[in-house]
Amino acid sequence: MDPFYMAALLVSIVLASIFWYIKSSTRVAGKTPPLPPGPRGLPILGYLPFLRSNILQQFTDLARQYGPIYKLRLGSKLTVVIASPSLIKQVVRDQDPIFADRDATVAALVLSRGANDIAFSPQNSNWRFMRKILAREMQSNSSLEASYELRKDEVRNAIRHVYSKIGEPIDVGELAFVSDLNLVMNLLWGGKIEGEEGKRLGAEFRTVISKVNDLIGTPNVSDYFPALSRFDLQGIKKKMQTLMESVDKILDDVIAEHERPGGVKNEGKKDFVQILLELKKNEDVEMSNITMRQLKAMLQNLIFGGTDTTATTIELAFAELMNNPEVMYKVQKELSDVVGTNTLVEEFHLPKLYYLQAVLKETMRLHPPVPFLVPRSPNQSSTIGGYTVPKNTRVFINVWAIQRDPSIWDNPMEFRPDRFFINPEKWDFSGNNFHYLPFGSGRRVCPGLPLAERMVTYLLASFLHSFDWKLREGEKYDMSERFGIVLRKNIPLVAIPSPSATLAKMTQFQGQARRIPGESSPMLKAVSWFSKTERNSMGSKNYT
Ligand code: HEM
């Protein structure tokens, strides 16, 4: 080589090396903040081999060791866990636009039809529109008022079902899940697909939802080592694709039924599918951008997002009440004072049930149904609490830890609904108080909150107003939890219903007032008599 070029090459290499050295030493010297602290883990695997089954407690213990923001390397995936109100504020308020994207796992990508739903979509105009339409057509006060009869139908069905099981053990989580699923399906395509067809759809969805939740909760090698994802070593992607084929089939049937001339009755309140299809047909400008794929993904969000969360809340509230008889007594006393003894619970009673509302807040404090929220992911590198959180990091917000933090809550492990009566204006579900976030916060806050509040309170109030509950002989209370994207009670709560004093009184009254010859059970008659909507005679719908 020409000596001149040789010299030029050497000089360039030396200059490049100096430049690189200066650049990297300024980073070391602290111009770019460091990554958060955290345990080291093993080469390649990172901290994966050290994850315990009780991840809620483990993530909380790690915060004690490393501070309110720490990092874990799980395979090649960088994960940051945040567990202090002030740092959460930085993520979900101060830097919300940066942190409001999601980091969907392989299973979640299949479930969300390629992040085309509300829950896993990046922030874009379609995501904003889907949230808007949900808020306007399903969650606004006026649309919730208009759909009340649909909820009332299902709550009465649930009461009838429990009534038919008096004295028998009932799996409370299962009861809550089926009731919630029926309720959500009724709002989505309610009254249109009934009878045997409705029953079949309910049963199919129950199976699919439980399988989907298992898959979403299974740790997947493909997520921790994206280079291996094309091999789908555990077959999770394949299994999810198969499940989605059956979901697709159900939703296609529902849509086809709505589009078939004469398939949908026109009288009464329009269901959500009908509203969406009409908007599409009328060529609403924003709606025309929404593809059929997105529409189905949105319906799925409502079914998957609205059933497990509400059912787990009801089961955990039930368990806490049975574990705390004095609190149960106060709830039932309030119910008989507010609702009275001559009628079943109606939704207009709910705003007056202050104590029951406090019970639900306390349940969701100790057992937030989505304990780490739905993980977020920054769309650019950012600084939180003096540490760098690189682009595409998976960010967990440990609401479970914050809502049990003794520096924030007095005797946090005690179930004390009364704590919500001190400065009640401070405690709501809006996500503005960073000490209490069961529905999340910021632009990703749960859009189903108004419906969830009504569903959970209405069902719980109805079950407790109409029945007394006890555990099976020799059974012990257990409040342990199992982690999943939605928290579960570790051991399902099984309880035995008997008619409450109110129901017994109503029954006596009914027995005298309206005894039908040949009717063996006047009490059964009473429940039926109080229901104005006897669609399914006295049978149970979709319950096992
Ligand atoms: C007790 C019941 C419920 C709880 C505790 C709950 C909680 C949550 C939480 C914590 C999030 C994530 C928020 C965040 O990342 O900041 C979320 C998101 C979501 N929830 Fe709920 N939820 C409940 C019921 C419902 C219901 C009834 C529906 C619909 C009918 C629903 C639909 C959704 C959807 C679509 C999202 C995704 C929002 C987005 O990413 O933009 N949820 N929920």
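For the numbers below, each heavy atom of this structure counts, side chains included, while hydrogens, waters and symmetry mates do not. Each residue takes its place number in the sequence, starting with 1. One-based numbering, in listed order, for ligands and for the atoms of each.
In terms of polar-atom proximity, Ser441 is counted as a contact of ligand 1, with an N or O under 3.5 Å from an N or O of the ligand. Considering backbone and side-chain N/O of Thr309, none are found under 3.5 Å from N/O of ligand 1. Here's the thing with Arg444: one of its N/O atoms is less than 3.5 angstrom from an N/O atom of ligand 1. Inclusion of Thr310 in the set of residues having an N or O under 3.5 Å from an N or O of ligand 1 is not warranted. Looking at Gln139 next to ligand 1, no N or O pair under 3.5 Å apart turns up. An N or O contact shorter than 3.5 Å links Arg102 to ligand 1 by distance.
Only the side chain of Pro369 comes within 4.0 Å of ligand 1, judged by heavy-atom distances. Counting heavy atoms under 4.0 Å from ligand 1, residue Trp127 touches it through the side chain alone. Of the heavy atoms in Arg376, only side-chain atoms (C-beta onward) come closer than 4.0 Å to ligand 1.
Close approach of ligand 1 to Pro438 is summarised as follows: ligand atoms under 4.0 Å from at least one heavy atom of the residue are 5 (C), 7 (C), 10 (C). Applying the 4.0 Å criterion to heavy atoms of Gly306 picks out, from ligand 1, the atoms 26 (C), 27 (C), 28 (C). Taking every heavy atom of Leu373 and a limit of under 4.0 angstrom, the matching atoms of ligand 1 come to 10 (C), 16 (O). Residue-ligand proximity, Thr313 to ligand 1, at heavy-atom distances under 4.0 Å covers atoms 1 (C). Heavy-atom proximity to Ile118, at under 4.0 Å, picks out these atoms of ligand 1: 38 (C), 39 (C), 40 (O), 41 (O).
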Go through Gln300 and Arg113 one step at a time and tell me if the side chain to side chain donor-acceptor pair (under 3.5 Å) criterion holds.
-> CA-CA 10 Å; Gln300 258 169 243; Arg113 298 162 193 259; 2.5 Å; yes

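Each of Phe372, Phe396, Trp400 was compared with Phe483 under the ring pair (Phe, Tyr, Trp, His ring centres under 6.0 Å) criterion, and only Phe372 meets it. The residue from Asp101, Asp223, Asp103 that alone fulfils the salt bridge (Lys or Arg N to Asp or Glu O under 4.0 Å) condition with Arg394 is Asp103.
Remark: the Glu320 side chain and the His367 side chain contain an N/O donor-acceptor pair separated by less than 3.5 Å. A side-chain donor from one of Gln294 and Asn126 sits under 3.5 Å from a side-chain acceptor of the other. No side-chain donor from either of Arg416 and Asn324 sits under 3.5 Å from a side-chain acceptor of the other. The closest side-chain donor-acceptor pair between Asp271 and His258 falls under 3.5 angstrom. Counted by atom type alone, Tyr387 and Tyr70 present zero donor-acceptor pairs between their side chains at under 3.5 Å. With 3.5 Å as the limit, one finds a donor-acceptor pair spanning the side chains of Asp308 and Asn213.
Both tests do not hold together for Arg404 against Trp409: distance to the six-membered ring centre under 6.0 Å, angle to the ring axis within 45°.
Protein heavy atom at the shortest distance from atom 19 (C) of ligand 1 is Pro447 CD, 3.6 Å.
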